[in-house]
Amino acid sequence: MQAKKKSTPPPTGLPLQIFNLAKQLGGVALEDSGPITSQIQKLVLDHMSEWMASRTPTDVDTRRELESVFSLLHYPLVGNPATFQQLWKGQIIIGAGYTLGWTDYDRQNVVAIYSCSVGKCHLVTITNFVPRTDLHYVNLPQIAWDDMRFFIYGVRPGKSQLRLSAILYSFDGRNLKPLWQGLDLYDGEMNVENDKVTIKYLKEDEYVHAVERGGKPPRHLATYQLTAAGMKLLDDHEIPF
């Protein structure tokens with residue numbers, strides 16, 4: 001008589017805790033989600049801080065560890081990690097971020113900044129990026145400043161065109177400080193090259209009126225200079241659609 005196969009035991013541990021909390025977000029508006037998302041944030045960052053305490057991982061290692069934390073989530077629940085790494089003043093700075101989503105539009109973002117040296121990392125500060133977006137980074141070279149600078153940016157769906165939000169952050173080793181921000185730029189597209197930043201975007205009212213007339217609206221191109229104080233607008237003019 002053939003022995004019965006043993007059933008696989010249900011998963012336990014942190015991924016299951018995250019899943020059980022995340023599934024409670026079904027039907028919860030983003031504005032009311034704080035009691036649940038804050039619990040998830042604490043569980044995730046407590047785990048990451050413990051995991052990183054005795055190692056200096058790469059940004060890829062960090063992303064994979066975050067992926068394992070969210071491994072039980074499945075659509076519409078998502079936990080999408082986004083990480084970066086930058087050498088600054090003899091330290092390795094790691095950004096360990098994630099987007100937690102429970103619908104195509106309800107998303108919460110968390111970015112934790114860790115400082116690493118001599119095989120150890122510790123949590124320095126946390127920020128919650130613009131809600132309802134996904135999460136990306138652009139690290140900036142050291143040019144006219146002593147602090148570490150980077151962009152966090154993301155796009156949000158919900159209208160005929162995606163909307164771009166971007167924040168330029170300064171990190172002084174202890175605190176994050178926003179130096180510039182552009183929020184909900186309609187069909188926005190950002191490019192960073194050396195000390196220049198360009199952003200292409202549409203004005204929503206112009207776009208709507210043009211579509212109603214069966215035409216195409218002008219696109220706008222804003223050019224910024226990165227400076228010690230943050231960003232300075234050099235030019236903003238119309239370009240063909």
Side-chain angles (χ1 to χ4, degrees), residues 30-31 59 80 82-86 88 93 95 97-99 101 104-111 113 125-172 175-241:
L30 182 66
E31 294 77 9
D59 55 336
N80 293 328
T83 61
F84 73 85
Q85 178 177 314
Q86 186 166 345
W88 178 71
I93 306 300
Y98 66 86
T99 301
D104 290 339
Y105 309 105
D106 293 311
R107 303 170 180 173
Q108 185 234 15
N109 290 306
V110 181
V111 179
I113 303 297
T125 188
I126 303 166
T127 189
N128 293 103
F129 185 61
V130 180
R132 295 189 173 89
T133 70
D134 55 8
L135 200 58
H136 307 275
Y137 313 102
V138 178
N139 292 330
L140 299 182
Q142 299 296 126
I143 302 178
W145 45 83
D146 188 51
D147 50 343
M148 189 185 106
R149 298 193 180 183
F150 59 94
F151 280 101
I152 302 180
Y153 72 96
V155 297
R156 60 181 291 194
K159 294 190 177 183
S160 58
Q161 306 291 333
L162 296 175
R163 287 160 287 168
L164 170 73
S165 290
I167 300 178
L168 172 62
Y169 284 100
S170 162
F171 177 65
D172 64 4
N175 302 296
L176 278 178
K177 177 183 177 183
L179 300 178
W180 175 92
Q181 67 177 22
L183 303 179
D184 272 347
L185 301 172
Y186 203 67
D187 197 31
E189 180 183 332
M190 182 175 70
N191 182 62
V192 181
E193 188 170 347
N194 298 322
D195 62 346
K196 297 290 193 305
V197 179
T198 57
I199 298 178
K200 295 178 183 178
Y201 66 98
L202 297 171
K203 292 184 177 179
E204 185 175 359
D205 56 344
E206 292 179 349
Y207 177 83
V208 171
H209 293 154
V211 170
E212 288 174 346
R213 297 192 305 268
K216 294 182 178 180
R219 191 177 292 276
H220 297 264
L221 176 65
T223 302
Y224 295 86
Q225 173 79 52
L226 292 168
T227 69
M231 293 222 304
K232 178 182 178 182
L233 180 64
L234 298 178
D235 180 65
D236 191 340
H237 64 275
E238 295 183 359
I239 58 176
F241 184 83

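Note that this is a predicted model, so its numbers are computed, not measured. Basis for what follows: all heavy atoms, side chains included, without hydrogens, waters or symmetry-related copies.
Atom CG of Asn139 is separated from atom CD of Gln85 by 9.5 Å, given to the nearest 0.5 angstrom. Atom CD1 of residue Ile143 and atom CD of residue Gln225 lie 8.0 Å apart, to the nearest 0.5 angstrom. With rounding to the nearest 0.5 angstrom, the CZ atom of Arg163 is 11.5 Å from the CG atom of Leu183. Atom OG1 of Thr125 is separated from atom CD1 of Ile113 by 7.5 Å, given to the nearest 0.5 angstrom.
Scored by the ring-ring contact (aromatic ring centres under 6.0 Å, His included) test, Phe84 finds Tyr137, Phe150 as partners (sequence neighbours excluded). With sequence neighbours left out, the side chain to side chain donor-acceptor pair (under 3.5 Å) criterion links Gln161 to Tyr207. Residues satisfying the side chain to side chain donor-acceptor pair (under 3.5 Å) criterion with Thr133, sequence neighbours excluded, are Asn109. For Asp147, the side-chain contact (heavy atoms from CB on, under 4.5 Å) test picks out Trp145, Arg149, Ser170, with sequence neighbours left out. The side-chain contact (heavy atoms from CB on, under 4.5 Å) test applied to Glu204 returns Lys159, Tyr186, Val208, not counting sequence neighbours. Remark: Tyr98 engages Phe70 in a ring-ring contact (aromatic ring centres under 6.0 Å, His included) (not counting sequence neighbours). Residues meeting the salt bridge (Lys or Arg N to Asp or Glu O under 4.0 Å) test with Asp187, sequence neighbours left out: Arg219. For Tyr224, there are no side chain to side chain donor-acceptor pair (under 3.5 Å) partners at least two apart in sequence or on another chain. Evaluation of the ring-ring contact (aromatic ring centres under 6.0 Å, His included) rule for Trp88 yields Phe171 as partners, not counting sequence neighbours. In this view, His136 and Tyr153 satisfy the ring-ring contact (aromatic ring centres under 6.0 Å, His included) rule, not counting sequence neighbours. Residues satisfying the salt bridge (Lys or Arg N to Asp or Glu O under 4.0 Å) criterion with Glu193, sequence neighbours excluded, are absent altogether.
Checking side-chain atoms of Thr83 against main-chain N and O of Gly95 turns up no donor-acceptor pair under 3.5 Å. Judged by distance alone, with hydrogens and angles left aside, the side-chain atoms of Asp134 form a donor-acceptor pair with the main-chain N or O of Val155 at under 3.5 Å.
Taking the side chain as every heavy atom from C-beta outward, Lys200 and His220 never approach each other to under 4.5 Å. Between Val197 and Met190 the shortest side-chain heavy-atom distance falls below 4.5 Å. A heavy-atom distance below 4.5 Å is found between the side chains of Arg132 and Asp106. The closest side-chain heavy-atom distance from Glu206 to Pro218 is below 4.5 Å. Pro131 places none of its side-chain heavy atoms less than 4.5 Å from the side chain of Glu31. Using a 4.5 Å cut-off on side-chain heavy atoms (C-beta onward), Leu135 and Asn80 make no contact. When side chains are defined from C-beta on, Leu168 counts as touching Leu226, because their heavy atoms get closer than 4.5 Å.
Residues Phe129 and Gly154 approach most closely at CE2-N, 3.8 Å, considering heavy atoms. Minimum interatomic distance between Ala210 and Pro217 (heavy atoms only, all atoms of both residues): CB-N, 3.5 Å. For Leu140 against Gln86, the heavy-atom pair with the smallest separation is O-NE2, 3.3 Å.
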Residues 227-241 side chain polar contacts: donor-acceptor under 3.5 Å, at least two apart:
| unit_1 | atom_1 | unit_2 | atom_2 | d |
| --- | --- | --- | --- | --- |
| Thr227 | OG1 | Ala229 | N | 3.3 |
| Thr227 | OG1 | Gly230 | N | 3.1 |
| Asp235 | OD2 | His237 | ND1 | 2.4 |
| Asp236 | OD1 | Tyr201 | OH | 3.3 |
| Asp236 | OD2 | Tyr201 | OH | 2.7 |

Trace of the side chain to side chain contact (heavy atoms under 4.5 Å, CB included) decision for Ser165 with Leu185: CA-CA 6 Å; Ser165 290; Leu185 301 172; over 6 Å; no

